[in-house]
Amino acid sequence: MKIVEGKLVAEGQKIGIVASRFNDFIVSHLITGAEDCFVRHGGNTENLTLAYVPGAFEIPLTAMKMAESGKYDAVVCLGAVIRGATPHFDMVANESAKGIAQAAMKSGIPVLNGILTTDSIEQAVERAGTKAGNKGADAMLSAIEMINLNNGL
């Protein structure tokens, strides 16, 4: 049986990052985690391109444009949607996730969802580099692995 697995080596990879400006006090830590992960796995920061969008709802469009441009091996989407007192949270979280999945399926390259969806600011802080690790780094690590997996298929 032939087994194909993605290696965790970023050397030569080109990755686009789409990040939300909304909740930047959280998202900036996700970006830092993603960049650190890329470098620790052999990537060169000159091969990262960061595009800022207003909020998580706007991430899928830019992710799609980056994915279809042919310039990137993967796109990592970073944001933070924190539940409030209205149903707006559900709409933004659901539609951004759906749009990211569509961008991956349509473009044929990995488009990773690193958007935090939390019930509180405390939960977001935990997932942006404290108790629960850094989900920006996790999304980048998945991107690195998926690029190598796809190259091996």
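One-based numbering along the sequence shown. Here the structure is a predicted model, which is why all the values come from computation and not from measurement.
For residues 50-67, there are no salt bridge (Lys or Arg N to Asp or Glu O under 4.0 Å) pairs, not counting sequence neighbours. Within the structure, every pair that satisfies the salt bridge (Lys or Arg N to Asp or Glu O under 4.0 Å) test and touches residues 104-114, not counting sequence neighbours, is listed here: Glu68-Lys106.
Taken to the nearest 0.5 Å, the CD1 atom of Ile15 stands 10.5 Å off from the CE atom of Met66. How far CG of Asn151 is from NZ of Lys7: 12.5 Å, rounded to the nearest 0.5 Å. Distance check, rounded to the nearest 0.5 Å: CD of Gln13 to CZ of Phe38 gives 6.0 Å. One finds the CZ atom of Arg127 at 8.5 Å from the OG1 atom of Thr117 (value rounded to the nearest 0.5 Å). Of the inter-residue distances, the one linking Asn94 atom CG with Phe89 atom CZ reads 8.5 Å to the nearest 0.5 angstrom. One distance of note links CG of Leu116 with NZ of Lys135; it measures 8.5 Å at 0.5 Å rounding.
A donor-acceptor pair under 3.5 Å is formed between the side chain of Asn134 and the backbone N or O of Ala137. Distance alone, capped at 3.5 Å, is enough to place a donor-acceptor pair between the Asp73 side chain and the Lys14 backbone. The backbone N or O of Ile144 lies less than 3.5 Å from a partner atom in the side chain of Asn148, making a donor-acceptor pair.
Counting only heavy atoms from C-beta outward, the side chains of Ile17 and Thr49 never approach each other to under 4.5 Å. Using a 4.5 Å heavy-atom cutoff, the side chains of Leu48 and Met140 are in contact. Contact of the His41 side chain with the Val9 side chain is not registered, since no non-hydrogen atoms from C-beta on lie closer than 4.5 Å. Looking at heavy atoms from C-beta onward, Ile59 lies out of side-chain contact with Ser96 at the 4.5 angstrom threshold. Residues Leu112 and Val75 form no side-chain contact, since every pair of their non-hydrogen atoms from C-beta on lies 4.5 Å or further apart.
Both Tyr72 and Val111 are members of a single hydrophobic cluster when ILVMFWY side chains are connected at heavy-atom separations under 4.5 Å. Under the 4.5 Å side-chain heavy-atom criterion for ILVMFWY residues, no single connected hydrophobic cluster contains both Phe57 and Met64. Taking hydrophobic clusters as Ile, Leu, Val, Met, Phe, Trp and Tyr residues chained together by side-chain heavy-atom distances below 4.5 Å, Ile3 does not share a cluster with Leu153. Residues Met91 and Ile100 are members of one and the same hydrophobic cluster, defined by side-chain heavy-atom contacts under 4.5 angstrom among Ile, Leu, Val, Met, Phe, Trp and Tyr. In the hydrophobic cluster analysis, where Ile, Leu, Val, Met, Phe, Trp and Tyr join through side-chain heavy atoms closer than 4.5 angstrom, Ile82 is grouped together with Leu78.
Ion pairing between a basic and an acidic side chain is recognised when a charged N comes within 4.0 Å of a carboxylate O; Asp119 and Arg83 show such pairing.
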Set out, in order, the CA-CA distance, both residues' side-chain angles and the distance that settles side-chain contact (heavy atoms from CB on, under 4.5 Å) for Gln123 and Val125, then state yes or no. CA-CA 5 Å; Gln123 287 177 346; Val125 169; over 6 Å; no

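Taking every heavy atom of both residues into account, Gly43 and Ala10 meet most closely at N-CB, 3.7 Å. Across Cys77 and Ala63, no two heavy atoms sit closer than the pair SG-CB, 3.7 Å.
The number of heavy atoms from other shown groups lying within 6.0 Å of CG (Leu50) is above 12. For Glu95, the CD atom counts as densely surrounded, since its 6.0 Å shell holds more than 12 non-hydrogen atoms of other residues, nucleotides or ligands.
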Donor-acceptor contacts, no H, no angles, side chain residues 20-32, under 3.5 Å, sequence neighbours left out:
residue: Ser20; atom: OG; partner: Phe22; partner atom: N; Å: 3.1
residue: Ser20; atom: OG; partner: Phe22; partner atom: O; Å: 3.3
residue: Asn23; atom: ND2; partner: Ala80; partner atom: O; Å: 2.7
residue: Ser28; atom: OG; partner: Asp24; partner atom: O; Å: 3.0
residue: Thr32; atom: OG1; partner: Ser28; partner atom: O; Å: 3.0

